[in-house]
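Quick note on labels: first sequence line is chain A, next is B, and so on, each numbered from 1. Everything numeric here is computed off the predicted structure, so don't read it as measured data.
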2 protein chains.
Amino acid sequence: MPVELTPSQALRLWHAVSLEQVRVDSRDLTLRQMAILLQIYLVPPPHTVRGLAATLGVTKPVITRALDTMGSLGLVDRVRDERDRRNVIIKRTVEGALYLEKLGDLIINQGRKL
Amino acid sequence: MPVELTPSQALRLWHAVSLEQVRVDSRDLTLRQMAILLQIYLVPPPHTVRGLAATLGVTKPVITRALDTMGSLGLVDRVRDERDRRNVIIKRTVEGALYLEKLGDLIINQGRKL
DNA sequence: GGCAAAAGAAACGCTTGCGTAACGATCGTC
DNA sequence: GACGATCGTTACGCAAGCGTTTCTTTTGCC
């Protein structure tokens, strides 16, 4: 079920959503952090630092720092993998789900307005 | 011509675009910077620091700093307003237009894949 | 038991961003 | 020509991000 957008619509959608998200929420995530957050919530677990680093094409410390920041914002959580204690499993949180739910609503509503 | 998206489609679109943009381009703009950039390119000029600050609901130094950064990336340019020399007019650049054109293509292509 | 490999975190020096407050330049008006 | 208002920038102290390198813990294999 593809979504067909004109060039103008595509950018206007991005514009409207970015603008409204900035106005509504003071948490100013970088594009990288946003990509990590969405990856965690939209792709089936488990998620590890190493896996996310590979998926995004960035180094591991980038992921560790992003998780530090988003963790302190309550958007994600970290748990040691008990089966292999070298790994850390990144967990979703209620607040993170809520954050993305609001973002989804924003995208839908701004899409309708185009 | 509204764009109707399901909640799943909306977030998957955001996910795919963010992820691909991170992989393709090392310039990691914040959501604020992205909103500023799109505002400049999609809304008719003139654009001033004061106007952008009001539109985004942030302070003026936030705009100044974002323009510093995006200016050094070549995405925007600044020119003194000769009619009222207190003002600064923010100008578009070829590189900025190219950046957004690529972003638009990305959105369109990822939308089609949904 | 010993040891290389792997995962994630921490350390380092640096850059960028923040909010608040102060500043210099310019304007309009008196 | 003086003066309050406006515009954008700069300064300040601090938090967060970067890439690279190093460290700690744990694993798997001999």
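In this structure, the side chains of B:Leu106 and A:Trp14 stay at 4.5 Å or more apart for every pair of heavy atoms.
Here the P atom of nucleotide C:dA4 and the CZ atom of A:Arg86 are 16 Å apart, to the nearest Å. Look at CG on B:Asp84: it is 10 Å from C1' on C:dG28, rounded to the nearest Å. Across the protein-nucleic acid pair, A:Ile36 atom CD1 and C:dG8 atom C1' stand 14 Å apart, rounded to whole Å. Whole-Å rounding puts the A:Leu67 CG to D:dA16 P distance at 15 Å. Remark: C1' of C:dT16 and CG of B:Asp68 are 10 Å apart, rounded to the nearest angstrom. Between A:Ile63 atom CD1 and C:dA9 atom P there is a gap of 11 Å when expressed in whole angstrom units. Between the CZ atom of A:Arg27 and the C1' atom of D:dA15 there is a distance of 17 Å, given to the nearest Å. In this structure, B:Arg83 places its CZ atom 13 Å from C1' of C:dC27, rounding to the nearest Å.
B:Arg80 comes within 4.0 angstrom of no nucleic acid atom, judged by non-hydrogen atoms across all strands. Within the nucleic acid shown, B:Thr64 comes within 4.0 Å of at least one base atom, counting heavy atoms only. Counting non-hydrogen atoms under 4.0 angstrom, A:Glu82 reaches nothing in the nucleic acid. Within 4.0 Å of B:Arg85, counting heavy atoms only, lie sugar-phosphate atoms of the nucleic acid but no base atom.
Of the candidates A:Leu5, A:Leu13, A:Ile107, A:Ile108, A:Leu5 is the only one forming a side-chain contact (heavy atoms from CB on, under 4.5 Å) with B:Val3.
Closest of all the heavy-atom pairs between B:Ile40 and B:His47 is O-NE2, 3.3 Å. The two atoms that bring B:Gln110 and B:Ala16 nearest to each other are OE1-CB, 3.3 Å, heavy atoms only. Residues B:Ser18 and A:Leu38 approach most closely at OG-CD1, 4.2 Å, considering heavy atoms.
Near-neighbour residues of DNA chain D inside residues 44-60 of chain B, defined by a heavy atom below 4.0 Å, number-ordered: B:Thr48, B:Val49, B:Arg50, B:Lys60.
In the set D:dC18, C:dG8, D:dT9, the nucleotide with an atom closest to the side chain of A:Arg32 is D:dC18. Listed candidates were C:dA9, D:dT27, D:dT9. Nearest to the side chain of B:Val88 is D:dT9.
An OP1 or OP2 oxygen of D:dA16 is reached within less than 4.0 angstrom by no side-chain nitrogen or oxygen of A:Gln33. Using a 4.0 Å cut-off, some side-chain N or O of B:Arg78 falls inside it from OP1 or OP2 of D:dT9.
Heavy-atom distances to DNA chain C give each of B:Ser72 and A:Arg65 a nearest nucleotide, and the one nearer the 5′ end belongs to A:Arg65. Mapped onto DNA chain D by nearest heavy atom, A:Asp81 and A:Val62 fall at different nucleotides, with A:Val62 at the one closer to the 5' end. Between A:Asn87 and A:Pro61, the one whose closest nucleotide on DNA chain C sits nearer the 5' end is A:Asn87.
In this structure, CG in A:Leu100 is found 11.0 Å from CG in A:Asp105, a value given to the nearest 0.5 Å.
Residues A:Leu73 and A:Val88 do not share a hydrophobic cluster, defined by chaining ILVMFWY side chains whose heavy atoms lie under 4.5 Å apart.
Judged by distance alone, with hydrogens and angles left aside, the side-chain atoms of B:Arg80 form a donor-acceptor pair with the main-chain N or O of B:Arg86 at under 3.5 Å.
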